[in-house]
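Convention: sequence-line order gives letters A, B, ...; per-chain numbering from 1. Heavy atoms only: backbone and side chains are in, while hydrogens, waters and symmetry mates are out.
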Number of protein chains: 2
Amino acid sequence: MTTRIQRRNRERILEAALDVFSVNGFRGSTLDQIAAVAGLSKPNILYYFDSKDAMHRALLDQLLGIWLAPLRAIRATGDPHDEILGYMRRKLQMSRDYPRESRLFANEVLQGAPRLADAIAGDLKALVDDRAEIIRGWIEAGRLARIDPHHLIFSIWALTQHYADFDAQIRLIRGDTDPMDGAEAFLDLLFDRLLKP
Amino acid sequence: MTTRIQRRNRERILEAALDVFSVNGFRGSTLDQIAAVAGLSKPNILYYFDSKDAMHRALLDQLLGIWLAPLRAIRATGDPHDEILGYMRRKLQMSRDYPRESRLFANEVLQGAPRLADAIAGDLKALVDDRAEIIRGWIEAGRLARIDPHHLIFSIWALTQHYADFDAQIRLIRGDTDPMDGAEAFLDLLFDRLLKP
DNA sequence: AACAGACCTGACCATTCAGTCAAGATTTTT
DNA sequence: AAAAATCTTGACTGAATGGTCAGGTCTGTT
């Protein structure tokens with residue numbers, strides 16, 4: 001049975017761990033940092049999670065559901081152009097709403113995806129292959145330009161996640177301007193032009 | 001004066017440090033790892049570099065020149081379409097030739113660019129702003145589609161670096177296929193369509 | 001109020017880490 | 001070949017780090 005205090009503190013700890021891991025990566029983060037951000041003592045956060053590794057795993061587990069949802073929402077029955085632009089927009093919105101999650105994921109993949117290899121080669125690959133098939137069907141039907149479905153999906157990931165992962169760089173180059181200002185209009189135009197048969 | 005042995009060992013150490021830093025980030029890397037990869041003892045690598053930080057700085061310094069060259073090569077006098085596609089292709093080639101450098105850079109920016117902030121806000125911003133002006137001029141002259149020059153440059157970075165930075169993910173999803181197989185054809189088509197007036 | 005169970009912490013431990021140093025090995029110069 | 005300069009290392013240090021534990025405090029129940 002989970003108590004009120006348990007829920008509150010587990011939540012606090014994961015929130016703090018996300019802050020720290022998403023910036024420093026797993027090896028570069030310390031329990032002291034996480035404890036400080038969470039406002040709890042180090043032994044106390046280890047009362048709620050068995051180890052640093054357990055905190056990280058909890059975050060990654062939680063992440064995968066959120067991360068795959070936008071791609072899952074693509075429907076073969078919809079209009080190809082709308083479905084793909086909708087997917088891109090949802091993904092861009094995720095970079096806005098969950099930048100730390102995006103960076104946590106980026107950190108993990110940069111390190112060779114040691115803790116995500118199974119999930120990527122399993123669930124994610126299956127989902128991507130399935131949606132690639134739908135896109136291929138649309139192309140065969142002459143409803144989309146002849147483009148490689150995998151590269152299309154990768155391009156959506158690259159373009160949308162870039163705004164979360166490279167936020168620091170964009171901020172430094174664009175100065176005061178909000179990093180994502182104008183991004184949606186640009187990407188709308190880009191994918192509109194790319195997808196037309 | 002630098003001796004033969006100095007040149008060889010400094011080279012070995014930076015090579016090893018690039019291997020290690022590009023995967024684990026600065027905080028996540030240890031001198032023992034670097035020493036092991038370099039095939040030298042830990043005190044010995046500290047004989048050639050004053051500190052872990054000095055190795056990292058040496059890599060970043062070296063990196064910036066390589067990194068900015070492709071953008072620098074854009075000429076206002078060339079054909080807009082060719083200049084921008086050429087830039088994209090050079091950048092994609094860099095992801096192929098220097099994937100570790102790309103990941104080192106990504107790691108650094110993910111962490112908020114603490115050691116690169118000056119270089120990004122200085123040299124890089126100046127160069128980007130300048131090339132953005134050239135692109136704006138082409139647009140005014142009706143030689144390119146009306147797109148935001150900054151977002152255009154960011155999109156080239158995002159799409160090309162993605163193949164180096166997220167290599168592990170792409171490999172897991174595409175299986176045996178070479179991650180970059182088909183990437184150039186896809187990006188050629190994408191930018192061809194995007195840039196037309 | 002008293003009890004049980006849940007929650008919290010200071011002090012501690014073993015290991016890892018960046019960096020030092022004195023002394024030995026190797027290479028270069030004379 | 002001897003002297004000088006450069007290169008290399010084992011053994012070490014102090015600080016940081018992940019994790020433990022005995023005992024104390026708080027909270028909800030009866």
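- A salt bridge links B:Arg136 and B:Glu133; the closest N-O separation between the charged side-chain nitrogens and carboxylate oxygens is under 4.0 Å.
- Atom C1' of nucleotide D:dG18 and atom NE2 of A:His56 are separated by 15 Å, given to the nearest angstrom.
- The side chain of A:Thr3 places no N or O atom within less than 4.0 Å of a non-bridging phosphate oxygen (OP1 or OP2) of D:dG28.
- Across the protein-nucleic acid pair, A:Gln6 atom CD and D:dC26 atom P stand 19 Å apart, rounded to whole Å.
- For D:dT8, the OP1/OP2 oxygens have a side-chain nitrogen or oxygen of B:Asn9 closer than 4.0 Å.
- Put simply, CZ on A:Phe49 is 13 Å from P on C:dC7, counting in whole angstrom units.
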Nucleic acid footprint by protein, nucleotides 17-30 of chain C - heavy-atom cut-off 4.0 Å, B for base, S for sugar-phosphate alone: SBBBB-----SS--
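- Ion pairing between a basic and an acidic side chain is recognised when a charged N comes within 4.0 Å of a carboxylate O; A:Arg115 and A:Asp53 show such pairing.
- One atom, CG of A:Leu40, and another, P of D:dG19, lie 17 Å apart when rounded to the nearest Å.
- With respect to A:Asp188 and A:Arg89, a salt bridge is recorded, a charged nitrogen being found less than 4.0 Å from a carboxylate O.
- When rounded to the nearest whole Å, the span between CD1 of A:Ile45 and C1' of C:dC7 equals 15 Å.
- When the side chains of ILVMFWY residues are joined at heavy-atom separations under 4.5 Å, either directly or via intervening members, B:Leu110 and A:Ile173 end up in two distinct hydrophobic clusters.
- Within the 4.0 Å cut-off from OP1 or OP2 of C:dC7, at least one side-chain nitrogen or oxygen of A:Tyr47 is found.
- Using modelled atom types, one finds no donor on one side chain facing an acceptor on the other under 3.5 Å when comparing B:Asp167 with B:His162.
- Residue contacts shown for B:Tyr48 are limited to sugar-phosphate atoms, with no base heavy atom under 4.0 Å away.
- With hydrogens and angles disregarded, a donor-acceptor distance shorter than 3.5 Å links the side chain of B:Arg103 to the backbone of B:Ala164.
- Summarising the geometry, the separation between CZ on A:Arg7 and C1' on C:dA6 is reported as 14 Å, rounded to the nearest angstrom.
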